[in-house]
Enquirer: 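This is the structure I have questions about; it appears just below.
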Amino acid sequence: MQKDNLLKKLCCCGGGMTIHMHTLIYSAKVKITGVPVYTCGECSRYEPLPSIKRDLGMLIKELGGSSNQRQVSFAERNEWANVLKETLASFNIVDLSHLDEAINAAIQGRIDLLLDIYQFASARFDREWMEETANRLSQLTQSSPERAK
């Protein structure tokens, strides 16, 4: 489980960066919603959460030269983004003091759920389901607080 603060990090300008869900526009045609990013209050720099960069890059590569205008939910493709989106949506905005704890608890809860699903899929010898579940688990467990900084 994450122990460090996921909500804030230090920007290269020295300002504080806070996390929030953002909509990215790719190639002026595709809206990618539900992307967790850090934004600096001092210089307005933003960057995606390090733990989602690989999957975001894969999505952008997948979109490639698509000429059709459309909208894609990143949170539906990435466990980190999905957990953050759900936690932020359900959290009391007035009291942010426990948001970091709520996110960590939600991540641990999702890991526990995915482990149960993996065990069930394994008992049914469903290799495709096991692989999909393992991929979703790896999206949550490959991240460390150090990578998020």
Enquirer: Mind listing the closest non-hydrogen atom pair of R45 and M17 along with its distance?
Expert: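 Closest approach of R45 to M17: O-CE, 3.6 Å.
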Enquirer: Any chain of hydrophobic side-chain contacts (each under 4.5 Å) joining L113 to L137?
Expert: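 Yes, L113 and L137 fall within the same hydrophobic cluster.
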Enquirer: So, R77 and E62, do they make that salt bridge, N to O below 4.0 Å?
Expert: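 Salt bridge: yes.
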Enquirer: State whether the number of non-hydrogen atoms from other residues, nucleotides or ligands found under 6.0 Å of K53 atom NZ is greater than 12.
Expert: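 Counting neighbours around NZ of K53, more than 12 heavy atoms of other residues, nucleotides or ligands fall under 6.0 Å, so yes.
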Enquirer: Any side-chain heavy-atom pair from L114 and L140 closer than 4.5 angstrom?
Expert: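 Touching, per the 4.5 Å side-chain cut-off.
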Enquirer: Identify the heavy atoms of G15 and E42 that sit nearest to each other, and give their distance.
Expert: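 In terms of heavy atoms, the two residues are closest at CA-CG, 3.4 Å.
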Enquirer: Ignoring hydrogens, what is the shortest heavy-atom contact between A81 and I52? Give both atom names and the distance.
Expert: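 Looks like N-CG2, 4.5 Å.
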Enquirer: Which heavy atom of Y38 sits nearest to which heavy atom of K9, and what is that distance?
Expert: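 Taking Y38 first and K9 second, the nearest heavy atoms are CD1-CD, 3.4 Å.
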Enquirer: Looking only at non-hydrogen atoms, find the nearest pair between I19 and P36 and report the distance.
Expert: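 Smallest interatomic distance, heavy atoms only, reads CD1-CB, 4.3 Å.
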Enquirer: Counting C-beta onward and ignoring hydrogens, is there a side-chain heavy-atom pair between T18 and L7 closer than 4.5 Å?
Expert: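 Not touching, per the 4.5 Å side-chain cut-off.
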Enquirer: For the CG atom of N78 and the OG atom of S51, what is their distance to the nearest 0.5 Å?
Expert: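 It is 7.0 Å, given to the nearest 0.5 Å.
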Enquirer: Would a 4.5 Å heavy-atom cut-off, applied to side chains only, mark R136 and I111 as touching?
Expert: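 No; the side chains remain at least 4.5 Å from each other.
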Enquirer: Verify the cluster assignment for V37 and V83: are they in a single hydrophobic cluster under the rule of side-chain heavy atoms below 4.5 Å apart?
Expert: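 They do share one cluster, since a chain of ILVMFWY contacts under 4.5 Å joins V37 to V83.
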Enquirer: At what distance, to the nearest 0.5 angstrom, does SG of C11 lie from CD of E47?
Expert: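 Output value for this atom pair is 7.0 Å.
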Enquirer: Just wondering, do L88 and M21 contact through their side chains at under 4.5 Å, heavy atoms?
Expert: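 M21 vs L88: side chains touch.
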Enquirer: Please determine whether the number of non-hydrogen atoms from other residues, nucleotides or ligands lying under 6.0 Å from atom CD of E86 exceeds 12.
Expert: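 It does: E86 CD has more than 12 such atoms within range.
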Enquirer: Could you go through the side chain to side chain donor-acceptor pair (under 3.5 Å) check for N82 and R110 one step at a time?
Expert: CA-CA 10 Å; N82 191 285; R110 183 66 58 92; 3.2 Å; yes
Enquirer: Show your reasoning for whether side-chain contact (heavy atoms from CB on, under 4.5 Å) applies to I60 and L24.
Expert: CA-CA 11 Å; I60 289 172; L24 303 178; 5.7 Å; no
Enquirer: Taking the side chain as every heavy atom from C-beta outward, state whether L49 and L84 have any pair of such atoms under 4.5 Å apart.
Expert: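 Yes. Closest side-chain heavy atoms under 4.5 Å.
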Enquirer: State whether the side chain of Q139 and the backbone N or O of E79 hold a donor-acceptor pair below 3.5 Å, judged by distance alone.
Expert: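 Yes, because the side chain of Q139 sits within donor-acceptor range (under 3.5 Å) of the backbone of E79.
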Enquirer: Between atom CE of M130 and atom CD1 of I117, what is the distance when rounded to the nearest 0.5 Å?
Expert: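 Here the rounded value is 13.5 Å.
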Enquirer: Is Y26 reaching over with its side chain to a backbone N or O of G64, donor-acceptor style, under 3.5 angstrom?
Expert: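 Answer holds: yes.
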Enquirer: Considering all heavy atoms of both residues, which atom of T39 and which atom of Y46 are nearest to each other, and what is their separation?
Expert: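 The pair with the smallest heavy-atom distance is OG1-CB, 3.9 Å.
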Enquirer: Same cluster for M58 and I32 if Ile/Leu/Val/Met/Phe/Trp/Tyr side chains link at under 4.5 Å?
Expert: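 Different hydrophobic clusters.
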Enquirer: Is there a side-chain contact between L59 and K61, using heavy atoms and a 4.5 Å cut-off?
Expert: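 No. Closest side-chain heavy atoms not under 4.5 Å.
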Enquirer: Please round to the nearest 0.5 Å and tell me the distance separating atom OH of Y118 and atom CG of D126.
Expert: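 These two atoms lie 11.0 Å from each other.
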Enquirer: Are any non-hydrogen side-chain atoms of D55 and F74 less than 4.5 angstrom apart?
Expert: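 In short, these two side chains touch, coming nearer than 4.5 Å.
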Enquirer: Relative to each other, are the rings of F120 and W129 parallel, tilted or perpendicular (30° and 60° limits)?
Expert: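 Perpendicular, since the angle between the ring planes exceeds 60°.
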Enquirer: Test side chain to side chain donor-acceptor pair (under 3.5 Å) on D112 and Q108 and set out the steps.
Expert: CA-CA 6 Å; D112 292 345; Q108 187 60 54; 3.0 Å; yes
